[in-house]
**Q** 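Quick one: the structure is below, questions incoming.
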Amino acid sequence: MTSDERGQALIESVLLGILLILPIVWALMVLADVHRAALAATSAAREAGFDAARSGDLTTADGSVDRAVGLALANHGLSADDSNVRWSAPDGLERGARIEVHVAYPVGVVRFPFLGEVPGPSIWVRATHITRVDPFASR
């Protein structure tokens with residue numbers, strides 16, 4: 001080994017380590033955000049379905065769905081403004097009626113250190129919950 005080759009292996013190891021570790025760290029960050037959004041969307045759909053089933057009419061149910069989704073997403077540190085919420089129920093919410101709630105949330109995949117998420121492509125996480133109005137509840 002000549003004196004001009006000293007430290008060569010150290011520099012190669014550091015450069016190769018950075019090139020291999022950065023994509024792994026980026027993928028773990030994106031997967032963590034996808035998992036958090038999946039938990040939040042599932043929770044939001046479930047709570048919105050339960051709240052709508054306990055409502056007396058469609059107007060009250062619509063407000064209940066919006067509040068439940070907003071609260072569930074906020075509890076996971078996400079903004080309800082970015083979500084896409086759809087729900088359906090028969091008119092009157094009679095006993096045994098089927099209520100279906102769909103919640104979708106985008107997770108951005110473009111991130112930079114110290115800057116966070118920037119506009120770009122996203123992965124949409126979707127959750128659906130189907131519940132029934134209690135057939136024995138008094139109205």
Side-chain angles (χ1 to χ4, degrees):
M1 175 174 11
T2 63
S3 63
D4 59 339
E5 292 179 1
R6 275 205 154 123
Q8 182 79 20
L10 177 64
I11 293 172
E12 289 174 358
S13 297
V14 168
L15 289 177
L16 189 60
I18 289 174
L19 288 175
L20 293 176
I21 296 242
L22 284 179
I24 292 171
V25 170
W26 169 81
L28 287 175
M29 287 180 2
V30 170
L31 288 175
D33 282 347
V34 167
H35 184 66
R36 178 177 59 155
L39 290 174
T42 302
S43 174
R46 183 180 57 247
E47 293 301 321
F50 291 155
D51 285 356
R54 288 190 296 260
S55 299
D57 59 13
L58 290 177
T59 305
T60 308
D62 193 41
S64 296
V65 167
D66 289 341
R67 279 191 303 280
V69 169
L71 183 62
L73 292 176
N75 285 341
H76 287 85
L78 302 174
S79 171
D81 297 335
D82 299 333
S83 66
N84 182 1
V85 180
R86 291 183 300 114
W87 72 282
S88 62
D91 291 337
L93 291 176
E94 66 271 356
R95 294 178 184 172
R98 180 178 185 220
I99 298 172
E100 190 168 338
V101 180
H102 303 277
V103 177
Y105 194 86
V107 178
V109 295
V110 180
R111 309 181 164 278
F112 291 109
F114 306 112
L115 295 177
E117 186 177 331
V118 295
S122 14
I123 297 171
W124 280 86
V125 176
R126 302 179 196 298
T128 299
H129 183 75
I130 299 170
T131 190
R132 295 213 177 260
V133 176
D134 187 0
F136 304 108
S138 60
R139 296 240 169 204

**Q** Are V109 and V107 connected in the hydrophobic side-chain network, where two residues link if heavy atoms are under 4.5 Å apart?
**A**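 Yes: a chain of side-chain contacts under 4.5 Å links V109 to V107.
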**Q** What is the minimum heavy-atom distance between A61 and S55, and which atoms define it?
**A** CA-OG, 3.4 Å
**Q** Donor-acceptor pair, W87 side chain versus A45 backbone, under 3.5 Å?
**A**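 Not at all, since once roles are kept as given, no pair shorter than 3.5 Å links the two residues.
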**Q** Kindly say whether T60 contributes a backbone atom to a donor-acceptor pair with the side chain of S64 at under 3.5 angstrom?
**A**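 Yes; at least one donor-acceptor contact below 3.5 Å.
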**Q** If you measure from CG on D134 to CZ on F50, what distance do you get to the nearest 0.5 Å?
**A**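 Rounded to the nearest 0.5 Å, the CG-CZ separation comes out at 12.0 Å.
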**Q** Closest approach of V125 and A38, non-hydrogen atoms and distance?
**A** CG1-CA, 3.3 Å
**Q** Could you grab the distance from atom NE2 of H102 to atom CD1 of I130, nearest 0.5 Å is fine?
**A** 7.0 Å
**Q** Keeping S83 on the side-chain end and A80 on the backbone end, is there a donor-acceptor pair under 3.5 Å?
**A**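 Side chain of S83 to backbone of A80: a pair is present.
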**Q** One pair to check against side chain to side chain contact (heavy atoms under 4.5 Å, CB included): L39 and H76. What are the steps and the verdict?
**A** CA-CA 8 Å; L39 290 174; H76 287 85; 4.1 Å; yes
**Q** Is the number of heavy atoms from other residues, nucleotides or ligands within 6.0 Å of CG (L28) greater than 12?
**A**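 Counting neighbours around CG of L28, more than 12 heavy atoms of other residues, nucleotides or ligands fall under 6.0 Å, so yes.
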**Q** Show the nearest heavy-atom pair for residues G49 and T131, with the distance to one decimal.
**A** O-CG2, 3.3 Å
**Q** How long is the gap from CG on L19 to CD1 on I24, to the nearest 0.5 Å?
**A** 11.5 Å
**Q** What is the distance from atom OH of Y105 to atom CG of L78, rounded to the nearest 0.5 Å?
**A** 4.0 Å
**Q** What closest approach, in Å, do P121 and V110 show between heavy atoms, and which atom pair accounts for it?
**A** CD-CG2, 3.5 Å
**Q** Checking the side chain of S79 only, and the main-chain atoms of D81 only, is there a donor and an acceptor separated by less than 3.5 Å?
**A** yes
**Q** Check the hydrophobic clustering (I, L, V, M, F, W, Y; side-chain heavy atoms under 4.5 Å; chains of links allowed) and say if I123 and W26 are grouped together.
**A**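 Shared cluster, yes.
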**Q** Treating R132 as the side-chain partner and G96 as the backbone partner, does any N or O pair qualify as donor plus acceptor under 3.5 Å?
**A** yes
**Q** What are the two closest heavy atoms between L73 and A40, and how far apart are they?
**A**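 Between these two residues, the closest heavy atoms are CD2-CB, 3.6 Å.
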**Q** Below 4.5 Å, heavy atoms only, C-beta onward: do L58 and D62 meet side chain to side chain?
**A**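 No, their side chains stay 4.5 Å or more apart.
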**Q** Minimum heavy-atom separation for A52 and L93, please, with both atom names.
**A** O-CD1, 3.9 Å
**Q** Which value, rounded to the nearest 0.5 Å, describes the distance between E47 atom CD and H129 atom NE2?
**A**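 Output value for this atom pair is 8.5 Å.
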